[in-house]
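Heads up, the thing below is written out as structure tokens.
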Amino acid sequence: MVHHVTRIEPPVLIGFDAAQSVAGVLEKAVMAGVRWIARYYSFNTRGKNLSAAEATAILGAGLDIVSIWEAQGDQVTAFSYESGQREAATAIAQAQAGGQPPGTAIYFAVDFDATADQIRDRIIPYFRGVNDIMAGRHKVGAYGSGLVLSRLDSEGLV
């Protein structure tokens with residue numbers, strides 16, 4: 001007996017992240033089938049930050065925006081409960097200034113291959129601080145390795 005299996009592929013959602021304004025390439029992005037653009041909030045790289053005018057242009061082009069907070073995400077010593085609180089407060093202020101709707105997600109970057117001990121001692125406390133400040137204002141997401149993401153998910157922090 002022969003069984004036929006039909007495989008249904010999920011739709012491919014094309015997007016990209018950019019460390020500078022994308023306002024000048026939106027028409028090309030739409031023509032290429034781009035559906036979303038990831039842009040940044042930070043306090044140490046102002047030129048990288050999403051502005052209200054750029055957000056308006058992206059949304060006006062019919063694209064979605066993915067917001068990523070990225071400060072010192074590549075340095076384990078930058079992660080603590082207090083820095084999570086401080087960075088979440090700054091991310092909220094920048095999201096409000098940029099017109100990001102309440103209740104939408106902001107992803108917080110962990111840009112290194114954290115060990116289990118670093119996740120336990122640094123990353124989890126950081127995300128607890130983030131969550132305490134976010135308190136339902138925005139959803140909390142994470143950008144990082146599979147180990148980081150799975151641990152944060154199992155702790156209910158993303």
Side-chain angles (χ1 to χ4, degrees), residues 9-22 25 29 33-52 54-59 61-158:
E9 295 290 332
V12 176
L13 298 178
I14 299 171
F16 64 91
D17 76 319
Q20 61 189 16
S21 176
V22 298
V25 299
V34 169
R35 302 286 303 274
W36 56 268
I37 297 174
R39 290 291 284 114
Y40 294 89
Y41 299 132
S42 70
F43 54 64
N44 61 353
T45 317
R46 295 264 181 229
K48 193 176 192 174
N49 291 351
L50 174 67
S51 70
E54 183 187 3
T56 299
I58 293 169
L59 296 172
L63 303 174
D64 291 326
I65 300 171
V66 175
S67 303
I68 303 171
W69 171 265
E70 185 176 62
Q72 297 175 326
D74 59 347
Q75 300 173 27
V76 69
T77 57
F79 289 89
S80 68
Y81 178 83
E82 295 77 15
S83 67
Q85 288 184 309
R86 184 174 52 256
E87 293 181 17
T90 305
I92 289 168
Q94 289 181 17
Q96 288 172 338
Q100 181 172 337
T104 57
I106 299 174
Y107 292 78
F108 290 78
V110 181
D111 274 341
F112 67 97
D113 227 359
T115 65
D117 288 347
Q118 291 168 331
I119 294 168
R120 182 193 65 231
D121 298 341
R122 293 294 196 149
I123 308 303
I124 288 174
Y126 172 87
F127 276 88
R128 286 192 176 125
V130 167
N131 276 277
D132 285 351
I133 296 300
M134 290 296 214
R137 294 180 186 137
H138 289 279
K139 293 177 184 171
V140 176
Y143 170 98
S145 71
L147 180 59
V148 168
L149 298 179
S150 66
R151 287 292 311 278
L152 291 172
D153 183 52
S154 70
E155 294 285 330
L157 296 171
V158 294

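The structure presented is a predicted model; accordingly, all values stated were derived computationally and were not measured.
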By side-chain hydrogen bond (donor to acceptor under 3.5 Å, both in side chains), which residues pair with Thr56, not counting sequence neighbours? none
Would you call the rings of Phe127 and Phe108 parallel, tilted or perpendicular, taking 30° and 60° as the class edges? perpendicular
Nearest heavy-atom neighbours spanning Ala52 and Ala97: CB-O, 3.5 Å
Qualifying side-chain hydrogen bond (donor to acceptor under 3.5 Å, both in side chains) pairs, either residue in residues 140-150, two or more places apart: none
Taking salt bridge (charged side-chain N to carboxylate O under 4.0 Å, His left out) as the cut-off, I'd like each qualifying pair that reaches into residues 105-117, sequence neighbours left out, listed once. Asp117-Arg120
Closest non-hydrogen atoms of His138 and Ala95, given as atom of the first, atom of the second and distance, are NE2-CB, 3.9 Å
How far does CD1 of Ile58 sit from CG of Asp64, to the nearest 0.5 angstrom? 10.5 Å
For the CD1 atom of Ile124 and the CG atom of Asn131, what is their distance to the nearest 0.5 Å? 11.5 Å
Heavy-atom closest contact (Ala78 atom, Ser83 atom, distance): O-OG, 2.7 Å
Take Val140 and Leu157 through the test side chain to side chain contact (heavy atoms under 4.5 Å, CB included) and record every step on the way to the result. CA-CA 7 Å; Val140 176; Leu157 296 171; over 6 Å; no
Could you list the residues that satisfy side chain to side chain contact (heavy atoms under 4.5 Å, CB included) with Thr77, not counting sequence neighbours? Gln75, Arg122
The complete set of salt bridge (charged side-chain N to carboxylate O under 4.0 Å, His left out) pairs with one or both residues in residues 125-138, sequence neighbours excluded, reads Arg128-Glu155
Test side-chain hydrogen bond (donor to acceptor under 3.5 Å, both in side chains) applied to Thr104 - qualifying residues, sequence neighbours left out: Gln100
Residue set satisfying ring pair (Phe, Tyr, Trp, His ring centres under 6.0 Å) with Tyr126, at least two apart, ordered chain then number -> Phe79
Contact check, side chains of Ile68 and Ile106, non-hydrogen atoms, under 4.5 Å: no
From Thr90 OG1 over to Gln85 CD, what is the distance, rounded to the nearest 0.5 angstrom? 11.5 Å
In chain order, what residues pass the side-chain hydrogen bond (donor to acceptor under 3.5 Å, both in side chains) check against Arg39, with sequence neighbours excluded? Glu54
When you measure from the side chain of Asp74 to the backbone of Phe112, do you find a donor-acceptor pair of N or O atoms at a distance under 3.5 Å? no
For a quick test of your reading: what N or O donor-acceptor pairs under 3.5 Å do the side chains of residues 14-22 make, sequence neighbours left out?
residue : atom : partner : partner atom : Å
Asp17   : OD2  : Tyr40   : OH           : 2.4
Ser21   : OG   : Ala23   : N            : 3.2

Hey, is the main chain of Val130 close enough, under 3.5 Å, to the side chain of Glu87 for a donor-acceptor pair? no
Flag the pair Val158 / Leu149 as yes when at least one side-chain heavy-atom distance between them is below 4.5 Å, and no otherwise. no
Got a sec, which residues hit side chain to side chain contact (heavy atoms under 4.5 Å, CB included) with Ala105, two or more places apart in sequence or on another chain? Tyr107, Lys139
Enter the distance from Ile65:CD1 to Leu50:CG here, rounded to the nearest 0.5 Å. 5.5 Å
Looking at every non-hydrogen atom in both residues, tell me the closest pair between Ala91 and Trp69 and how far apart they are. CB-CE3, 3.7 Å
Quick one: closest heavy-atom pair of Ala114 and Ile123, and the distance? CB-CG1, 4.4 Å
Nearest heavy atoms of Ala142 and Leu152, plus distance in Å: CB-CD1, 3.7 Å
